[in-house]
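Take a look at the structure set out below.
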Amino acid sequence: MSTVLFVVTAARSWTLSDGTEHPTGFWAEELVTPWRLLTAAGHDVVFATPGGVAPVVDAASLGDGDAAAVAEIPGLAAPLVLADVEASAFDAVYYPGGHGPMQDLAHDLDSAALISATIAAGRPLAAVCHGLAALLPARTEVGDPVVAGRRITGFSDEEERLGGLADRAPFLLESALRDLGADVEVATAWSDHTIVDGLLITGQNPQSSESAARALLTALA
């Protein structure tokens, strides 16, 4: 069986362009669903965050039973320090979303190095929703964006508008990925949409959590 690293945001809020602090964290479904599927298949899951800070769940993502489910996940409250993580120690890496990654992982060079090393080594890398913000600073060995020329999806500009934050967002994820040369394909807002491009697996939104996790299971097999 494999060991999968979940890189989770440590952010508690997202600073909007008007200076407002929007409370956030990780999105429950995007962490819980893949964790359940991977561990049920016999894989080990390890967590890491910037600074080893215990991550918080975005309260807006909690439905019935979600808080209890999050609280019962082993290791989540005591994650590894992301800067200390060796990419070679893991068989795959996964980034759940929530707006938190837009605050920290979108600019985190330790995370960027992990992504670059994982892709260069030919190991699966998966990200869902705003988790794709972590791909923005990642570069190849020759300095090109790792997303350049890759077929991916992610939280769409339209979904950000429908969520009411687009006008105050410091940047829009879909547009930022396109600006780096990614071939971004988005589906109807809030629909299940996962793209597999080699060993790069991306899901558009929370509704894509299960399909992205199943694609990761296939890649690990």
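All of these numbers come straight from a predicted model, not from anything done at the bench.
More than 12 heavy atoms of other residues, nucleotides or ligands sit less than 6.0 Å from atom CG of D18. Counting heavy-atom neighbours within 6.0 Å of D64 CG, excluding the residue itself, gives a total of 12 or less.
E29 places none of its side-chain heavy atoms less than 4.5 Å from the side chain of S61. L31 has its side chain within reach of F47: a pair of non-hydrogen atoms, C-beta onward, lies under 4.5 Å apart. Contact of the S208 side chain with the C129 side chain is not registered, since no non-hydrogen atoms from C-beta on lie closer than 4.5 Å. Residues D192 and E210 are not in side-chain contact: their nearest non-hydrogen atoms beyond the backbone lie 4.5 Å or more apart. Put simply, the side chain of F6 reaches to within 4.5 Å of the side chain of P34, judged on heavy atoms. Contact check for I195 versus I152: no side-chain heavy atoms found under the 4.5 Å cut-off. I201 is not listed as a side-chain neighbour of Y94, based on a closest heavy-atom distance of 4.5 Å or more. Between P124 and L199, the closest side-chain pair of non-hydrogen atoms falls below 4.5 Å.
In this structure, S116 contributes its side chain and R139 its backbone to a donor-acceptor pair below 3.5 Å. Between the side chain of H193 and the backbone N or O of E185 there is at least one donor-acceptor pair closer than 3.5 Å. At least one donor-acceptor pair closer than 3.5 Å links the side chain of S191 to the backbone N or O of T188. Looking at T153, its side chain never comes within 3.5 Å of a backbone N or O of T202 through a donor-acceptor pair.
A donor-acceptor pair shorter than 3.5 Å cannot be found between the side chains of T33 and S209. Judged by distance alone, the side chains of H130 and Q103 never bring a donor and an acceptor atom under 3.5 Å apart.
Rounding to the nearest 0.5 Å places NE2 of H43 at 6.0 Å from CG of L38. Summarising the geometry, atom CZ belonging to R12 is positioned 11.0 Å from atom OG1 belonging to T24; distances are rounded to the nearest 0.5 Å. Taken to the nearest 0.5 Å, the CG atom of D197 stands 8.5 Å off from the CG atom of D183. Note: S88 OG to R123 CZ = 6.0 Å, rounded to the nearest 0.5 Å. The distance from atom CG of L114 to atom CD1 of I119, rounded to the nearest 0.5 Å, is 9.5 Å. Atom CD in Q204 sits 10.5 Å away from atom CG in L173 (nearest 0.5 Å).
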Next item on the list: Would you sort out whether E174 and E160 count as a side-chain contact (heavy atoms from CB on, under 4.5 Å), showing the intermediate values?
Entry: CA-CA 9 Å; E174 177 190 344; E160 204 72 84; over 6 Å; no
Next item on the list: Kindly determine whether L220 and V4 satisfy side-chain contact (heavy atoms from CB on, under 4.5 Å), including the steps that lead there.
Entry: CA-CA 9 Å; L220 288 168; V4 182; 3.8 Å; yes
Item checked: Derivation of the side-chain contact (heavy atoms from CB on, under 4.5 Å) call for L132 and V147 -> CA-CA 10 Å; L132 274 92; V147 297; over 6 Å; no
Checklist line | Trace of the side-chain contact (heavy atoms from CB on, under 4.5 Å) decision for F171 with D179 | finding: CA-CA 11 Å; F171 65 92; D179 288 345; over 6 Å; no
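G203 and T194 make their closest contact through CA-OG1, 3.9 Å (heavy atoms, listed as atom of the first residue, atom of the second, distance). Of all heavy-atom pairs between A10 and P50, the closest is CB-O, 3.7 Å. The shortest non-hydrogen separation linking L180 to A148 is O-CB, 3.5 Å. Closest heavy-atom contact between V186 and G154: CG1-O, 3.9 Å. What you find for L76 and P55 is that their closest heavy atoms are O-CD, 3.2 Å. Taking each heavy atom of L82 and S111 in turn, the nearest pair found is CD2-CB, 3.7 Å.
When hydrophobic clusters are built by joining Ile, Leu, Val, Met, Phe, Trp and Tyr residues whose side-chain heavy atoms come closer than 4.5 Å, directly or via intermediates, M102 is grouped together with L135. Hydrophobic clustering (side-chain heavy atoms under 4.5 Å, transitive across Ile, Leu, Val, Met, Phe, Trp, Tyr) groups L162 together with L16. There is no path of hydrophobic side-chain contacts, each under 4.5 Å, that joins V53 to Y95. Hydrophobic clustering keeps V128 apart from V146 (ILVMFWY residues linked when any side-chain heavy atoms are closer than 4.5 Å, directly or through intermediates). M1 and V93 fall into different hydrophobic clusters, defined by Ile, Leu, Val, Met, Phe, Trp and Tyr side-chain heavy atoms under 4.5 Å apart, directly or through other members.
Under the rule for a salt bridge (Lys or Arg N to Asp or Glu O under 4.0 Å), R36 has no partner lying at least two apart in sequence or in another chain. For the ring pair (Phe, Tyr, Trp, His ring centres under 6.0 Å) test, no residue two or more places apart in sequence or in another chain qualifies with H107.
Looking at E21, H22, H99 one by one, the single match for side-chain hydrogen bond (donor to acceptor under 3.5 Å, both in side chains) with S13 turns out to be E21.
Note on ring orientation: taking the six-membered ring where Trp is involved, the planes of F155 and W190 are tilted (angle from 30° to 60°).
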